[in-house]
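Below, read A as the first sequence line, B as the second, and so on, with proteins coming before strands; counting in each chain starts at 1.
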Amino acid sequence: MKLLIIEDEKTLADSICEYLLQEGHVCEKVMNLVNAEAKIDLYEYDCVIVDIGLPDGSGLDIIKKLKQKDSETGIIIVSARNALMDKIYGLEIGADDYLTKPFHLSELNARLKSVIRRRNFKGSNEIFCNELIVSPENMEVFVNKKPVLLTKKEFALLLYFIANKNRVITKESIAEHLWGDNFDLVDSFDFIYTHIKNLRRKLLEQGCADYIQTVYGMGYKFNLSV
Amino acid sequence: VRLLAKTSAYFFVIIVFVLLIGGFIFYSGLRHILYNQIDEGLLTEESIIEEEIRSNWDIPDYTTRFGHEIEVLVLFHTIKPYTSISDTSIFNKDQNDYLLFRHLYVAGNINGRGYSIRILHPLDETRLLIRSIIEVLLIILLFVLLCLLAFNFIVSRKIWKPFYNTIFQIRRYDIKLRDKLQFIPSNINEFDTLNKVLTNMANKIEDDFINLKEFTEDASHEIQTPLAIIKSKLEIFIQSTNLTKEQIASVQVINHAISRLSKINAGLLLITKIDNNQYEKEEVISLNVLIRNTLEVLDDFIAHKNLQVKWNKEDLVSVTMSPSLADILVNNLINNAIKHNVPNGYIAITLTQSAFVLENSGIPLNNRNVNDPNDLFYRFKKDSMSDESIGLGLAIVKKICDTYHLFVSYSIKEDIHSLSINIPVEK
């Protein structure tokens with residue numbers, strides 16, 4: 001996948017790139033509106049990650065421009081301003097998702113995958129991971145073609161794991177992913193543990209390999225190479 | 001007590017006091033003058049009679065002379081000279097009443113013979129005169145008094161008008177509305193000074209307020225990007241496989257701290273946003289649906305503490321609010337009730353057309369930290385039992401309630417915490 005990251009904070013752009021490169025994406029970075037416009041005039045991207053607050057203007061202009069071009073590019077807004085108006089307006093003019101800084105890279109990655117999936121397959125798609133088949137739209141999971149019954153949270157958790165497969169995912173990012181950021185996390189880590197335990201048990205029962213690993217002191221890893 | 005009433009009251013008391021004293025002085029003065037006149041007349045009459053006695057010991061019938069009752073006695077021996085003038089009352093058969101008289105009695109000796117003269121001057125007329133004068137005077141004074149009071153009232157009203165306007169303006173003043181104080185100029189120095197001082201003060205407060213608000217907003221926003229960088233770098237860092245135990249422990253602490261910082265910052269940003277009216281427009285929202293959804297999202301947490309949720313679902317209640325704020329409000333409230341609960345406790349939700357009450361079992365508040373449960377609505381005030389909480393949840397609740405003019409209060413009885421929000425009747 002070819003991605004364009006429009007972000008004026010170089011360090012952050014680097015981090016995003018580094019994380020996404022490991023997913024096998026091709027990443028390009030620009031730091032202002034002018035360069036971004038030049039890029040999208042010249043090339044097609046699968047997805048654009050755009051910061052709203054750019055030094056020479058609003059990232060929303062890029063979205064408008066992309067939409068004028070009638071391009072199929074997915075758009076994820078990344079903004080330090082969690083302004084609802086920005087969010088609503090951004091989504092209205094055609095952005096696919098909106099993330100507020102500071103975000104977890106794993107979260108961005110999961111959103112990105114979801115956007116690309118929706119773009120590419122127009123909503124009917126399945127994710128294949130060895131013996132696992134996940135159908136996000138129908139909320140179905142199969143292990144060796146046998147269905148596994150998961151709760152909403154377990155399913156969300158599995159999708160998140162698969163999106164960030166072979167990576168260490170922190171408990172904080174999982175908690176945020178599952179319960180949103182307006183939860184004043186106190187002892188949510190216990191629940192993560194419970195959900196992961198159940199998810200793992202259900203998958204194992206159907207003969208799935210034990211992909212979910214605990215990474216001591218940090219979080220979890222969906223390790224497909226076990 | 002209104003200032004006007006107070007001044008009028010003082011005015012009234014003083015005038016009445018002055019009138020009483022003045023009236024008394026006037027009365028005695030008048031009496032004194034009239035009596036002097038009467039006494040002088042009586043003495044003159046007496047001296048005429050005395051002269052007549054002296055010239056010829058012929059005593060005519062003096063029973064009535066000069067319009068007075070006169071009694072003259074002539075003796076053949078000497079008498080001790082004596083003069084007295086006094087008031088006396090004599091019973092009058094005709095009128096069947098005691099009548100007042102001025103009574104002059106003189107005893108003296110002429111050529112070795114004593115005589116006495118007694119003259120009575122009826123005082124009725126004089127008293128009537130005094131009374132009439134006093135009455136007329138009282139009526140005039142009363143009229144003057146009323147006029148003065150009315151005048152004082154009207155003038156004071158006019159004079160104090162700018163002052164009352166100032167008070168009205170200040171009372172109505174809300175710094176968040178950003179409306180300037182507008183005082184009516186008066187030609188009274190004190191009031192103009194007061195207004196000027198107030199205007200300056202308000203301007204200064206407003207400036208500070210805006211500065212502070214902008215600072216909070218800017219600071220919160222500026223913090224987001226560095227936080228995002230730290231978070232992302234850390235996430236990449238933990239992907240490396242060759243970390244030592246010590247490093248992992250440090251990373252864990254850092255991670256935790258960053259999460260907290262993010263939450264605090266997000267909370268502050270939210271408060272600033274509510275302050276700045278940066279949220280979507282209001283809609284009619286069903287609280288029942290909202291509560292049901294929130295309970296569903298937080299189901300894990302409720303189940304984990306094995307809490308019993310009691311909820312009367314009879315009333316269908318709607319509020320007109322911005323959807324996201326309503327969501328945050330209910331979320332924070334139920335969160336709070338879960339977080340500060342005890343294992344196997346309960347949450348009772350009472351939703352009526354007039355109030356939303358959330359009651360939960362919990363730990364009695366630690367008195368050392370929190371004196372008034374309503375203090376919990378302040379930022380970063382929290383009871384010590386939950387060190388992990390960032391202490392903004394209830395501050396946000398309060399802010400949202402304030403925005404929609406809902407009255408929120410918190411009370412604790414032993415180990416039962418209760419938070420209630422009054423829902424105003426929809427117009």
If we ignore angles and hydrogens, is there a donor and acceptor under 3.5 Å between the side chains of A:Thr170 and B:Glu235?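 Distance-only check fails for A:Thr170 and B:Glu235.
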
Per the salt bridge (charged side-chain N to carboxylate O under 4.0 Å, His left out) rule, what does the pair list look like for residues 13-25 of chain A, sequence neighbours excluded?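 Every pair satisfying salt bridge (charged side-chain N to carboxylate O under 4.0 Å, His left out) with a residue in residues 13-25 of chain A: A:Lys10-A:Asp14, A:Asp14-A:Lys29, A:Glu23-A:Lys113, A:Glu23-A:Arg167.
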
For residues 282-296 of chain B, which residue pairs pass the salt bridge (charged side-chain N to carboxylate O under 4.0 Å, His left out) check, not counting sequence neighbours?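 Non-adjacent pairs meeting salt bridge (charged side-chain N to carboxylate O under 4.0 Å, His left out): A:Lys152-B:Glu296.
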
Identify which part of [X] has an atom lying under 4.5 Å from any heavy atom of chain A, answering side chain, backbone, both or neither.
X        : result
B:Leu234 : neither
B:Glu222 : neither
B:Val251 : side chain

Beyond-backbone contact of A:Lys171 with B:His256, side-chain heavy atoms, under 4.5 angstrom: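 No, too far: nothing below the 4.5 Å cut-off.
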
Does A:Leu12 reach the side chain of B:Ser232, with side-chain heavy atoms less than 4.5 Å apart?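 A:Leu12 vs B:Ser232: side chains touch.
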
Under 6.0 Å from the CG atom of B:Leu212, do we count more than 12 heavy atoms belonging to anything else shown?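 Check passes, neighbour count above 12.
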
Calculate, to the nearest 0.5 Å, the distance between atoms [atom1] and [atom2] belonging to [X] and [Y] respectively.
X        : Y        : atom1 : atom2 : result
A:Ser106 : B:Lys231 : OG    : NZ    : 9.0 Å
B:Ile238 : A:Lys221 : CD1   : NZ    : 10.0 Å
B:Asp299 : A:Lys153 : CG    : NZ    : 7.0 Å
B:Asn255 : A:His104 : CG    : NE2   : 7.0 Å

Cationic N near anionic O, under 4.0 Å, A:Glu9 to B:Lys233: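 Here A:Glu9 does not pair with B:Lys233 in a salt bridge, since their nearest N and O are not under 4.0 Å apart.
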
Would you name the heavy atoms of A:Tyr19 and B:Gln239 that are closest together and state the gap between them?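 Taking every non-hydrogen atom into account, CE1-NE2, 4.0 Å.
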
Whether B:Lys245 engages the ring of A:Tyr216 as a cation-pi pair (distance to the six-membered ring centre under 6.0 angstrom, angle to the ring normal within 45°) should be assessed.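 Yes; both conditions hold, so B:Lys245 lies above the ring face of A:Tyr216.
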
Check whether B:Gln224 reaches the backbone of A:Lys101 with its side chain - one donor and one acceptor, N or O, closer than 3.5 Å.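 Such a contact is found between B:Gln224 side chain and A:Lys101 backbone.
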
Audit row: A:Glu176, B:Lys263, side-chain contact (heavy atoms from CB on, under 4.5 Å) steps and yes/no: CA-CA 11 Å; A:Glu176 254 181 58; B:Lys263 295 256 166 265; 4.0 Å; yes

